[in-house]
Amino acid sequence: MKNKLLLLAVTTLAAVFAAGAQVPFVKGKVIDKTLTEMSLQGDSVSMAFSAEQHERAAKADVLVAFGQTKVLESKGWLESAYAKFSLYPGASGYNVYVKGGSHTDYTKIDAQLVRNYGSYGRADVLGLSAGADYQLKIVPTDAEGTEIASAAVVTEKMNVSAYDRQGFAHFNYNSGVGAYNNDGTLKQGAVVVYVTAQTAKTVTARLSSGEFTGLQAILSAYEKGNVTTPLAVRIVGCVSAADMDALGSSAEGIQVKGKNNSTPLNITIEGVGDDATVKNMGFLVRNAQSVEVRNLGILYCMDDGLSFDTDNLHCWAHHIDFFYGRNKGGDQAKGDGSLDVKSDSKYMTFAYNHFWDSGKTSLCGMKSESGPNYITYHHNWFDHSDSRHPRVRTMTVHVFNNYYDGVAKYGAGATTGSSVFMDRNYFRNTNKPMMISLQGTDTKMGTDLKDAPTFSGEDGGMIKSYGNVFAEKSSNFRYATYQDNAVEFDAYEVTDPATPVPAEVKSKAGANSYNNFDTDPQLMYSYQADDAAQVPAIVTGWLGAGRMGHGDFQWSFSNATEDANYAVIAALSTAVQNYQSSLVGIFGQESAQQGGGGEPADTTTTKPDTPVVEGTILCTFDKSGTPSSSFFTVSGNGSNTKGTATVDGQTYDTCLKMESSTSVKFTLAQSMRMTLYFGDTETASIKIDGEKITGTSSTYATTLAAGAHELTKDKSVNLFAIKLEPVEQ
């Protein structure tokens with residue numbers, strides 16, 4: 001049989017040569033008798049060779065054909081493109097090049113974008129401008145890193161689409177939200193860091209104020225307001241809380257925080273490919289302007305999946321898969337909020353996100369906002385989720401082209417003087433699509449909802465409704481317009497979106513009216529809404545909600561069972577908790593397996609090496625005692641009721657309480673000047689490396705030598721900040 005295969009191989013190759021095809025070959029006296037693989041595929045023969053056989057064949061005198069790397073799949077997506085390819089026998093890695101758009105010739109992509117999935121390789125290219133056709137060239141390399149040019153392969157042309165930048169985040173904001181320009185390319189001077197389970201602690205970034213090590217430390221560098229470097233954080237595979245250098249928020253996980261929202265951070269946190277996820281943690285964003293989070297899965301988060309909490313401006317969260325959070329019981333059995341925005345965050349867009357059976361999907365506003373704030377939700381897929389789509393207080397919100405797919409409790413809810421425009425959404429089997437607090441459907445909810453008889457005891461807001469579709473309505477469907485009942489109504493329905501709501505239309509509780517933001521071109525962005533009937537196909541399509549290609553996590557809901565069920569789906573919860581990435585690694589780093597398990601990291605974890613500090617470090621504390629800089633290892637309790645401290649003209653109201661169990665440890669690679677800041681009404685008192693010191697004011701400064709140091713209690717005072725400054729040599 002082997003001789004017949006060899007004869008067929010020679011015959012096939014002869015035919016190929018006669019046709020003028022270019023087939024890679026080497027000379028040899030004999031064909032190696034220990035071929036790794038030889039198989040018939042129709043009228044052709046496939047042969048695979050080991051590295052040793054390549055070497056033997058290279059010394060021989062006859063022609064032996066080698067196959068090229070094969071493109072298994074290639075496609076353009078949103079400002080990105082990818083290719084999956086077969087693994088070339090004996091190759092140690094691959095160089096991948098992109099051509100198209102601004103890349104007039106083949107340009108090599110970053111090595112971290114070329115990954116090994118065991119049975120195939122994959123390369124993704126990010127930051128591509130839309131509208132152009134692109135091609136990828138994949139070239140295997142040998143053990144010395146030399147390209148095997150004869151085995152290279154080029155993909156077909158792939159067209160790349162643009163992200164949908166409609167919404168308030170981009171309204172009158174032309175510089176681009178996050179690290180990217182509005183054409184999809186990186187901003188000038190942007191720094192790109194790649195984060196895997198193995199590099200989350202050790203990844204480095206050189207920013208305008210120095211070099212920082214560890215993902216949280218890099219993000220924390222922006223808190224002082226003196227870093228101006230655009231930053232793209234690219235998540236590869238699954239990164240768990242246990243992989244992190246530290247967690248900036250003990251309640252949520254990764255923290256992105258600015259000094260205030262007056263200076264753009266220009267930070268994008270994004271996933272690479274269709275399997276990028278964070279697990280056992282979420283994100284907390286505070287005092288931030290120009291932050292983008294995209295193409296990620298968030299699994300089994302600690303509290304909220306993504307919380308925009310306190311004074312954020314022009315932020316954009318899109319193409320995210322939100323899965324269950326930790327079961328805290330009661331109304332937090334599926335976690336707390338999936339995507340919350342509050343405390344005077346404004347000009348925000350949440351688009352093309354996929355919510356997988358979320359419980360409390362999206363809280364929009366607390367009681368402290370002054371309004372109107374301006375928030376957009378569009379093209380999100382509320383997939384068998386329960387409530388808060390969104391649940392709005394005080395804010396002004398445009399909700400358009402969302403797919404409510406079997407919602408168990410209620411769709412959107414308006415309270416506390418909010419104005420909500422429900423615009424061309426598609427509701428499938430959603431019994432209570434819209435509610436205004438303390439009137440209409442809200443007062444007639446009965447005992448079929450856990451929070452009966454009302455979803456809120458607060459004064460009402462106002463909802464304007466246009467062009468929404470209500471499909472698969474059950475006998476429990478409830479929706480009353482102002483035209484049906486001028487007192488007990490759920491929304492004021494219009495037949496033209498340009499029609500304002502009359503001033504005399506007010507909520508039953510609180511007499512709040514609609515502010516007609518959507519008909520004022522000074523307040524409202526231009527947009528092109530899809531017809532509601534098209535929304536399900538758009539949202540569930542290739543360029544629709546969630547991660548690229550809807551991600552690597554697969555689950556099918558049973559509409560008959562899950563449309564009306566708001567309990568945790570046990571099997572889905574288990575699948576979320578047990579999720580692991582199938583990524584083997586970046587080529588050349590395959591020995592380091594991807595993470596995905598484990599509990600959240602201890603926020604006191606130190607980094608494996610002692611970094612050299614470049615520039616000044618200012619460490620503050622949140623109300624739980626967590627340090628803002630992972631340079632310090634802290635154990636102890638925090639507080640936000642111990643007064644204030646002034647540091648370089650900035651007032652801080654959270655501190656670390658110096659108690660018997662409190663410890664602050666850090667290691668210096670060189671001599672540095674340390675200044676400690678206690679409460680403005682306190683006198684500095686502390687132990688430094690076991691030695692008591694007492695100041696004459698609320699601050700104390702000293703020079704520390706290189707080496708390990710520890711701060712502990714002398715008296716019961718409150719430490720608000722630590723500043724480390726290099727000592728001139």
Side-chain angles (χ1 to χ4, degrees), residues 79 102 109-110 112-113 126-129 169-170 173-196 199-236 239 244-246 248 254-272 283-296 311-317 607 611-620 628-631 648 650 723-726:
E79 295 166 22
S102 62
I109 70 173
D110 292 343
Q112 296 93 330
L113 295 168
L126 285 63
L128 300 178
S129 57
H170 292 85
Y173 199 78
N174 299 321
S175 57
V177 175
Y180 291 85
N181 300 305
N182 284 335
D183 67 357
T185 60
L186 281 167
K187 292 180 177 177
Q188 185 175 4
V191 169
V192 178
V193 295
Y194 292 91
V195 180
T196 69
T199 65
K201 290 184 176 71
T202 59
V203 62
T204 62
R206 180 169 291 279
L207 307 174
S208 57
S209 64
E211 186 171 278
F212 299 86
T213 301
L215 174 56
Q216 184 61 69
I218 292 169
L219 295 171
S220 296
Y222 287 77
E223 294 184 13
K224 292 180 289 185
N226 61 348
V227 176
T228 58
T229 311
L231 174 69
V233 175
R234 294 177 174 175
I235 306 294
V236 180
V239 178
M244 291 290 294
D245 56 321
I254 297 173
Q255 179 169 265
V256 180
K257 183 179 179 182
K259 183 177 181 180
N260 52 58
N261 68 12
S262 63
T263 303
L265 298 185
N266 293 327
I267 293 175
T268 291
I269 299 175
E270 61 184 331
V272 175
F283 296 88
L284 176 64
V285 184
R286 284 180 169 171
N287 304 331
Q289 180 187 153
S290 187
V291 169
E292 176 189 23
V293 184
R294 70 187 191 189
N295 197 37
L296 273 178
D311 292 330
N312 299 293
L313 182 65
H314 291 292
C315 294
W316 184 26
K607 296 183 286 294
V612 175
V613 178
E614 297 186 17
T616 299
I617 289 180
L618 178 65
C619 177
T620 57
S628 63
S629 171
S630 60
F631 188 80
D648 298 333
Q650 177 75 23
K723 181 192 288 186
L724 291 176
E725 300 172 282

If you look at every heavy atom in [X] and [Y], which pair is closest and at what distance?
X      : Y      : result
Ser290 : Pro264 : CB-CB, 4.0 Å
Thr268 : Ala179 : OG1-N, 2.8 Å
Ser208 : Thr229 : N-OG1, 3.0 Å
Thr204 : Thr213 : CG2-OG1, 3.5 Å
Lys257 : Asn287 : CE-ND2, 3.8 Å
Asp183 : Thr185 : OD1-OG1, 2.6 Å

Value rounded to 0.5 Å, distance of [atom1] in [X] from [atom2] in [Y]:
X      : Y      : atom1 : atom2 : answer
Leu219 : Leu265 : CG    : CG    : 9.5 Å
Leu724 : Phe631 : CG    : CZ    : 6.0 Å
Asn182 : Ser175 : CG    : OG    : 7.5 Å
Leu313 : Tyr173 : CG    : OH    : 7.0 Å
Leu284 : Ile254 : CG    : CD1   : 11.0 Å
Leu215 : Asp245 : CG    : CG    : 6.5 Å

Side chain to side chain contact (heavy atoms under 4.5 Å, CB included) partner of Tyr194, the single match among Val233, Asp110, Val203, Ile235: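 Answer after filtering Val233, Asp110, Val203, Ile235: Asp110.
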
Contacts of Ser129 that satisfy side-chain hydrogen bond (donor to acceptor under 3.5 Å, both in side chains) - sequence neighbours left out: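 Only Tyr134 meet the side-chain hydrogen bond (donor to acceptor under 3.5 Å, both in side chains) criterion with Ser129.
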
Can you name the side-chain hydrogen bond (donor to acceptor under 3.5 Å, both in side chains) partners of Asp648, sequence neighbours left out?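 For Asp648, the residues satisfying side-chain hydrogen bond (donor to acceptor under 3.5 Å, both in side chains) (neighbours in sequence not counted) are Lys723.
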
Find out whether Leu113 and Arg234 are in side-chain contact, i.e. whether some heavy atom of one side chain is under 4.5 Å from a heavy atom of the other. yes

Is there side-chain contact between Glu211 and Arg206, with at least one heavy-atom pair below 4.5 Å? yes

Any chance you could lay out the side-chain contact (heavy atoms from CB on, under 4.5 Å) test for Asp311 and Asn260, step after step, and finish with the verdict? CA-CA 8 Å; Asp311 292 330; Asn260 52 58; over 6 Å; no

Under 30°, 30 to 60°, or over 60°: which ring-plane class applies to Trp316 and His170, parallel, tilted or perpendicular?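 Because their plane-to-plane angle is over 60°, the rings of Trp316 and His170 count as perpendicular.
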
Member of Glu270, Glu79, Lys187 meeting the side chain to side chain donor-acceptor pair (under 3.5 Å) criterion with Tyr180: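 Looking at Glu270, Glu79, Lys187, the match for Tyr180 under the side chain to side chain donor-acceptor pair (under 3.5 Å) is Glu270.
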
When you look at Thr196 and Gln112, which way does the side-chain contact (heavy atoms from CB on, under 4.5 Å) test go after all the steps? CA-CA 10 Å; Thr196 69; Gln112 296 93 330; over 6 Å; no

Measure from the side-chain N and O atoms of Gln289 to the backbone N and O of Asn261, and report whether any donor-acceptor pair falls under 3.5 Å.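 Confirmed, Gln289 side chain pairs with Asn261 backbone.
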
Main chain of Leu186, side chain of Asn181: is a donor-acceptor contact present, judged purely on distance under 3.5 Å?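 A pair under 3.5 Å: yes.
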
